[in-house]
Amino acid sequence: MTPNVTRLAQDALAHQHAGRIETALAMFSEVLRHDPRNPQAHFSLGIGAYQAGNIDAAIVHLQAAASKVRKHPQVHQLLGLALMNAGDLTAARNSLQKAVSLASKNADLHAQLGDLYRLQRKPVLARQSLERALKLDPENGYGLVGLGQLEVSLGNVEEAESWFEKAIALGKELPAALHRLAFTRTHAERPDFLDKIEQLVSDDAPLARPEKSELHWAAGKVYLDLGDTPHAAEHYRTARRIRYDPFDQKAYDERLAFMKALFTEGFFAERSEAASESEKPLFIFGMPRSGTTLAEQIVARHSAVASGGELGFFRQTQQELGLMGPPSPALESRIRSLGPSEYARIARAYLKELDAVDKRALRVTDKMPHNFEMLWLMSLLYPKATFVHCVRSPADTCVSLLSHALSPAHNYCRTQDSVGTYFQSYAGLMDHWKKVLPVDIHTLTYEDLVYDQEGQSKALVEAAGLDWQAVCMEFYNGDSPVTTFSDLQVRRPIFRSSIGRWKRHKDLLPDLFEALGPLAPEEVRKQPKLLDPVESVSMGRPDNDHHLGEAMQSGKTV
């Protein structure tokens, strides 16, 4: 590195320490132009990308920094957190364990490792790490919120609330604590902490995008409980704009078209030798908010089934194969050239992950919803596995997606138009899979399950090749940790209030219905359009939720 570049890096670091972040990041980018392996530049740009919610870029920069400064605990810490956000829990665990080994007295690191163990559904290890954090620092915010999160995942809601309340009283990790406390209860009266949320979102405090969106989601939940529709709708819309970048629907449809053209009946017939004999995988997939967690909890009550939760294996494999990127002749050639040895390697690696969950179980669930994109590989490797497709009313699914905080990777949820269009793409891919895959797919409909719990539960267990056990009816008493957004709902018996939820908001959802097209509710499709598109454009709203804004002025339910 030349003296000029060294000086530029030092100046950039000075700007960063002084709080002039944009100037610092621009200068660090210039440093990398001259010195592509500069660890300080990669670390600082990684921090900036992480705070902006650009997790993929953060991981690239932080991995580059970690490869150069292997004994810097903060680099491994932030890399671990970024990997956690991306769903690569195995790599995240390695990074956080490395950070802990380098700074064993740092309470934050133990607490963050504990949260990683929680996501990996290892409650004993999670509690040990979190309690270690609080032993080192009794007021550690990560430890307090982490124990609350752990108790929620285990169904201990009252204990969880006490941890969140303690963190709030101490002013520690406020966005996360306030968000979780807001969602642990239904609010009949205005809670005191709502003022704190409003203060934080109105201040000019330099909150990261994920933290700010969490606060808006929390405020929206509370206002909706209180019946204050205008404020709820405004907070939800703001949360989505902050949390999600615009979704590239065109690129997504190009990827799916490529997959449909490549993965045909002939493709599978020519590769039957790739099949494993294992019946252990029990795949549960479908759109988020379609009942995948509920399905897993039902079948996981069976004595022969272990709950694996949302395993990121096939998502990572999809990335490694290049199927997350743009289609190309080279990509097609790469997929077509995969041979028996490569398929066998992938199959063994996945079964190793299932054995890590429970080596003796006859079935282990994998309920990663978006595995619907990788059904070609799953069915090719495991034709004797169980495949469960969870479906729910498209309108209800989309309304739920619009009103729940998912990770930034779900940016198709940004607007009514984007989520409805995405749903159509997903449905088209599933139609293709049903025609070409060499496996039977058991369809579990949420509405049928709610109205016929026993019959649908028996059919689900039978699809898994298992004898019926009555304990599966008591899914809400399961002791498997639940780490998804349904962690509270599945701790209660089945309820019907979520069916037809869209009907309570139908005047607010014309953009969603338009985007869903033939998948919109029949009664809506028979009605004339609620608002002329020209009139919609003339309102000058910043996104496709303009109808929601109009409805807020009239006090309609959202």
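Note that the structure is a prediction, hence the values are computed from the model and not measured.
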Exercise. Could you go through the side chain to side chain donor-acceptor pair (under 3.5 Å) check for E198 and H235 one step at a time?
Key: CA-CA 10 Å; E198 291 285 18; H235 279 291; 3.3 Å; yes
Quiz item: Which is it for R118 and Q149 under the side-chain contact (heavy atoms from CB on, under 4.5 Å) test, yes or no, and what are the steps along the way?
Solution: CA-CA 8 Å; R118 175 185 67 86; Q149 295 270 50; 3.5 Å; yes
Practice problem: In sequence, state the C-alpha distance, the side-chain angles, and the governing distance for L134 and E131, and then conclude on side-chain contact (heavy atoms from CB on, under 4.5 Å). | Solution: CA-CA 5 Å; L134 292 181; E131 290 180 347; 5.8 Å; no
Quiz item: Stepwise, does the side-chain contact (heavy atoms from CB on, under 4.5 Å) test hold for L311 with L354?
Solution: CA-CA 9 Å; L311 301 177; L354 298 191; 3.7 Å; yes
Exercise. Give the C-alpha distance, both sets of side-chain angles, the deciding distance and a yes or no for side chain to side chain donor-acceptor pair (under 3.5 Å) between D396 and Y446.
Key: CA-CA 11 Å; D396 277 343; Y446 178 79; over 6 Å; no
Quiz item: When you look at Y244 and C413, which way does the side-chain contact (heavy atoms from CB on, under 4.5 Å) test go after all the steps?
Solution: CA-CA 8 Å; Y244 305 129; C413 299; 3.8 Å; yes
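A salt bridge between R209 and D245 is present, with a side-chain N of the basic residue lying under 4.0 Å from a carboxylate O of the acidic one. Under the 4.0 Å criterion applied to side-chain N and carboxylate O atoms, R255 and E373 are assigned as salt-bridge partners. In this structure, R127 pairs ionically with E151, as a charged nitrogen and a carboxylate oxygen lie closer than 4.0 Å. Ion pair R185/E165 flagged as a salt bridge, since at least one NZ, NE, NH1 or NH2 atom sits closer than 4.0 Å to an Asp/Glu carboxylate oxygen.
Using modelled atom types and a 3.5 Å distance limit, the side chains of H370 and R315 yield no donor-acceptor pair. Counted by atom type alone, Q40 and S44 present one or more donor-acceptor pairs between their side chains at under 3.5 Å. Looking at Y350 and D366, their side chains do bring a donor and an acceptor atom within 3.5 Å of each other. Looking only at atom types and distance, the side chain of Q249 has no donor-acceptor partner in the side chain of S418 under 3.5 Å away. S400 and T397 are not linked by any side-chain donor-acceptor pair at a separation below 3.5 angstrom, with hydrogens and angles left out of the test. With no hydrogens or angles considered, a side-chain donor-acceptor pair links R501 and S403 at under 3.5 Å. No hydrogens or angles considered: nothing links the side chains of Y117 and Q112 as a donor-acceptor pair under 3.5 Å.
In this structure, H110 NE2 and S104 OG are separated by 6.0 Å, a value rounded to the nearest 0.5 Å. Distance check, rounded to the nearest 0.5 Å: CZ of F372 to OG1 of T292 gives 11.5 Å. The distance from atom CD1 of I168 to atom CD1 of I197, rounded to the nearest 0.5 Å, is 7.5 Å. With rounding to the nearest 0.5 Å, the separation of OG1 in T238 from CG in L215 is 12.0 Å. In this structure, CG on L444 lies 8.0 Å from OG on S457, to the nearest 0.5 angstrom. We find the NE2-OG distance between H389 and S290 to be 6.5 Å, quoted to the nearest 0.5 Å.
Across all non-hydrogen atoms, the minimal contact from R132 to K105 is NH2-NZ, 4.0 Å. Heavy-atom minimum distance, G141 versus E173: C-CG, 3.5 Å. Residue L45 comes nearest to S29 through the heavy atom pair CD2-OG, 3.7 Å, listed as atom of the first residue, atom of the second, then distance. Pairing each heavy atom of A295 with each of C390, the nearest pair is CB-SG, 3.8 Å. Of all non-hydrogen atoms in G114 and A126, the two that sit nearest each other are O-CB, 3.3 Å. Pairing each heavy atom of P73 with each of A99, the nearest pair is O-CB, 3.6 Å.
A 4.5 Å side-chain heavy-atom check between M378 and P281 finds every atom pair outside the cut-off. Counting heavy atoms from C-beta on, the side chains of Y252 and D248 never come closer than 4.5 Å. Using a 4.5 Å cut-off on side-chain heavy atoms (C-beta onward), K98 and S101 make contact. Between N411 and P246, the closest side-chain pair of non-hydrogen atoms is not below 4.5 Å. Under the 4.5 Å side-chain criterion, counting only non-hydrogen atoms from C-beta, I47 is in contact with L78. Using a 4.5 Å heavy-atom threshold, the side chains of L150 and W163 count as separate. V157 is not listed as a side-chain neighbour of V152, based on a closest heavy-atom distance of 4.5 Å or more. The closest side-chain heavy-atom distance from K221 to D225 is below 4.5 Å.
In this structure, F28 has its ring center no closer than 6.0 Å to that of H61. Less than 6.0 angstrom separates the ring centroid of F43 from the ring centroid of H72. In this structure, the ring of H216 has its center no less than 6.0 angstrom from the ring center of Y236. Here Y412 and H410 bring their ring centres to under 6.0 angstrom of each other.
Between the R180 side chain and the G148 main chain, no donor and acceptor come within less than 3.5 Å of each other. Here the side chain of S202 pairs a donor or acceptor atom with the backbone of Q199 at under 3.5 angstrom. In this structure, the side chain of H302 engages the main chain of A304 through a donor-acceptor pair within 3.5 Å. Of the possible polar contacts, none joining the D228 side chain to the Y223 backbone as a donor-acceptor pair under 3.5 Å is found. When atom types are taken as modelled, the side chain of H404 and the backbone of W217 share no donor-acceptor pair closer than 3.5 angstrom. For D137 (side chain) and A133 (main-chain N/O), no donor-acceptor pair under 3.5 Å exists by modelled atom type. Looking at E139, its side chain never comes within 3.5 Å of a backbone N or O of L170 through a donor-acceptor pair. S276 places a side-chain N or O within 3.5 Å of a backbone atom of S278 that can act as its donor or acceptor partner.
In R70, the CZ atom is not crowded: 12 or fewer heavy atoms of neighbouring residues, nucleotides or ligands sit closer than 6.0 Å. Heavy-atom contacts from other residues, nucleotides or ligands closer than 6.0 Å to CD of Q74 number 12 or fewer. For E22, the CD atom counts as loosely surrounded, since its 6.0 Å shell holds 12 or fewer non-hydrogen atoms of other residues, nucleotides or ligands. When the shell of 6.0 Å around CG of D195 is examined, it contains more than 12 heavy atoms from other residues, nucleotides or ligands. Within 6.0 Å of CZ in R20 there are more than 12 heavy atoms belonging to other residues, nucleotides or ligands.
By the 30° and 60° cut-offs, the orientation of the rings of F183 relative to H179 is tilted. Using a 30° and 60° split on the angle between ring planes, F314 and F283 fall in the perpendicular class, above 60°.
Among residue pairs with one or both ends in residues 355-365, those qualifying as salt bridge (Lys or Arg N to Asp or Glu O under 4.0 Å) are E279-R363, K280-D355; sequence neighbours excluded.
Partner of L83 under the side chain to side chain contact (heavy atoms under 4.5 Å, CB included) criterion, out of I59, L62, N94: I59 alone.
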